[in-house]
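Beneath this line is the structure, given in structure tokens, with notes to follow.
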2 protein chains.
Amino acid sequence: MSLTHTGVTAGPAELDPCGQPEHPDCGIRDLLDRVGDTWSVFVIVELANGPRRFGELQRAIDGISQRMLTLTVRRLERDGLVTRTVYATVPAQVDYRLTETGASLTHLVKALADWSLAHREVIADARSAYDAQHPDNVMRRGQSSS
Amino acid sequence: MSLTHTGVTAGPAELDPCGQPEHPDCGIRDLLDRVGDTWSVFVIVELANGPRRFGELQRAIDGISQRMLTLTVRRLERDGLVTRTVYATVPAQVDYRLTETGASLTHLVKALADWSLAHREVIADARSAYDAQHPDNVMRRGQSSS
DNA sequence: CTGAATCCAGGGGGATACTG
DNA sequence: CAGTATCCCCCTGGATTCAG
């Protein structure tokens, strides 16, 4: 139980599931990197609905470039989250689908999405409040700052 | 599911902060950004064990720079996940603690950590296998392939 | 002690053009 | 259709310095 926050009392500092770049026994960093990059989650979500071809993925995921779709899908494949199948048809055809491991990730993604939805307003409010109190602050990431 | 993309056709294709323009599931992009950045999760994990002062956080989170700790903590504060309390002591003292919202994120982080742990070997294997089959591939992060 | 400011390298990711 | 190859911008994040 490293992450349960039963009471906010300064304890023996038994946190730290792993973490810090030096701990080799972590692995969470990899997941965070994958889940944190711009497109992986969307690819996973799309594939959660069934196998998809390259073009289907690109059309489904608005805004993704060929390059990024390729890279994203390659990384997912390398991590064993997605399988890539090439059919020797004339106009080359490839489909991608989640592996079991990849599919198990969808639960996490779902949890993340649920959390986002549940807390989105609170967060938006917090941001507005913060921004109001810090008008000269330049923390708006990807947001309009006029 | 809350993450389904639905149509997403045409449109000016202007990228939103969320990556998925004109869609209500945008809130997830924020979470992914936060969870995906290098330090936020570690700060949250540390704070899950109780309030921490700036220096305590920095010492606890190995490798983080002052700058990044400041930025990370500011972002978390802006999102209402962390509260910052300044004590007017002589050698300035500040403590950070999770808000309720922030604390609720702890469960998610725990889930992510659990998943990482549970699948890390499978993933490591998948990577080895992939790298073995693609020796000329440049996906290995932090490595040169020339 | 807690930060802000500045400088700077590396990588992520977009746009575009070309190939099998 | 399914990529690959280039160019290039910008953001992340480290190091260092200055300040309250």
Side-chain angles (χ1 to χ4, degrees), chain A residues 20-21 29 32-43 51-77 82 84-96 134 136-143 145, chain B residues 12-17 19 21 29 32-43 51-77 82 84-96 134 136-146:
Chain A
Q20 292 70 64
R29 188 68 260 162
L32 294 180
D33 286 343
R34 194 79 321 112
V35 118
D37 72 23
T38 310
W39 304 108
S40 290
V41 165
F42 295 118
V43 170
R52 293 287 187 270
R53 297 180 46 185
F54 188 89
E56 290 176 330
L57 279 176
Q58 189 173 12
R59 278 186 297 277
I61 304 172
D62 191 56
I64 196 171
S65 62
Q66 282 191 345
R67 174 182 135 90
M68 287 320 297
L69 180 53
T70 299
L71 286 176
T72 301
V73 122
R74 283 289 182 283
R75 292 197 276 241
L76 293 174
E77 186 193 0
V82 158
R84 175 171 175 271
T85 311
V86 182
Y87 299 97
T89 60
V90 177
Q93 181 171 338
V94 181
D95 80 33
Y96 297 91
H134 305 267
D136 55 331
N137 195 310
V138 202
M139 305 205 53
R140 285 88 153 177
R141 323 192 329 137
Q143 283 279 355
S145 53
Chain B
E14 52 169 337
L15 248 56
D16 273 18
R29 189 67 259 161
L32 293 179
D33 285 344
R34 194 81 322 110
V35 120
D37 73 24
T38 311
W39 304 109
S40 291
V41 165
F42 297 122
V43 170
R52 293 286 187 272
R53 296 181 44 186
F54 189 88
E56 290 176 328
L57 279 176
Q58 190 173 12
R59 280 187 296 278
I61 304 172
D62 191 53
I64 195 172
S65 63
Q66 283 190 345
R67 174 181 138 87
M68 287 320 296
L69 180 52
T70 299
L71 286 177
T72 301
V73 122
R74 282 288 180 285
R75 293 199 273 242
L76 292 174
E77 186 195 0
V82 158
R84 175 171 175 271
T85 311
V86 182
Y87 298 98
T89 60
V90 179
Q93 182 171 336
V94 181
D95 81 34
Y96 297 90
H134 305 266
D136 56 332
N137 195 308
V138 203
M139 306 213 53
R140 326 165 87 110
R141 323 186 324 144
Q143 302 252 353
S144 61
S145 58
S146 69

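Computed from a prediction, not measured in an experiment: that's the story for all the values here. A, B, ... follow the sequence lines: proteins, then strands. Residue 1 opens every chain. Values reported hereafter were calculated over all heavy atoms of this structure, with side chains retained and with hydrogens, waters and symmetry mates removed.
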Notebook entry, point to check: Which comes earlier along DNA chain C counting from the 5' end, the contact point of A:Leu71 or that of B:Arg84, where each point is its nearest nucleotide?
Noted result: B:Arg84
Next item on the list: Would you classify A:Tyr87 as touching base, sugar-phosphate or nothing, given that sugar-phosphate means primed atoms plus P, OP1 and OP2, and contacts are heavy atoms under 4.0 Å?
Entry: nothing
Notebook entry, point to check: Can you check whether A:Arg75 has a side-chain N or O nearer than 4.0 Å to OP1 or OP2 of C:dG13?
Noted result: yes
Margin query: Going by the rule salt bridge (Lys or Arg N to Asp or Glu O under 4.0 Å), which residues pair with A:Asp37 if we only count those two or more places apart in sequence or in a different chain?
Written below: A:Arg34, A:Arg75
Next item on the list: Would you work out how much the helix from C:dC1-D:dG20 to C:dG20-D:dC1 bends between its ends, with each end axis defined by five base pairs, to 10 degrees?
Entry: 40°
Notebook entry, point to check: Considering residues at least two apart in sequence or located in another chain, which fulfil the side-chain hydrogen bond (donor to acceptor under 3.5 Å, both in side chains) criterion with A:Arg67?
Noted result: none
Check: Given C:dT2, C:dG3, D:dA2, which nucleotide is nearest the side-chain atoms of B:Tyr96?
Finding: C:dG3
Checklist line | B:Phe54 side chain, from C-beta outward: closest of D:dG3, C:dT2, C:dG13 | finding: C:dT2
Notebook entry, point to check: Could you run down nucleotides 15-20 of chain C 5' to 3' and tag each one B, S or - for protein heavy-atom contact under 4.0 Å?
Noted result: B-B--B
Check: In chain order, what residues pass the side chain to side chain contact (heavy atoms under 4.5 Å, CB included) check against B:Glu56, with sequence neighbours excluded?
Finding: B:Arg52, B:Arg53, B:Arg59
Margin query: Looking at D:dC1, I'd like to know if its phosphate oxygens (OP1 or OP2) sit under 4.0 Å from a side-chain N or O belonging to A:Arg53.
Written below: no
Check: By side chain to side chain contact (heavy atoms under 4.5 Å, CB included), which residues pair with B:Val86, not counting sequence neighbours?
Finding: B:Arg84, B:Val94
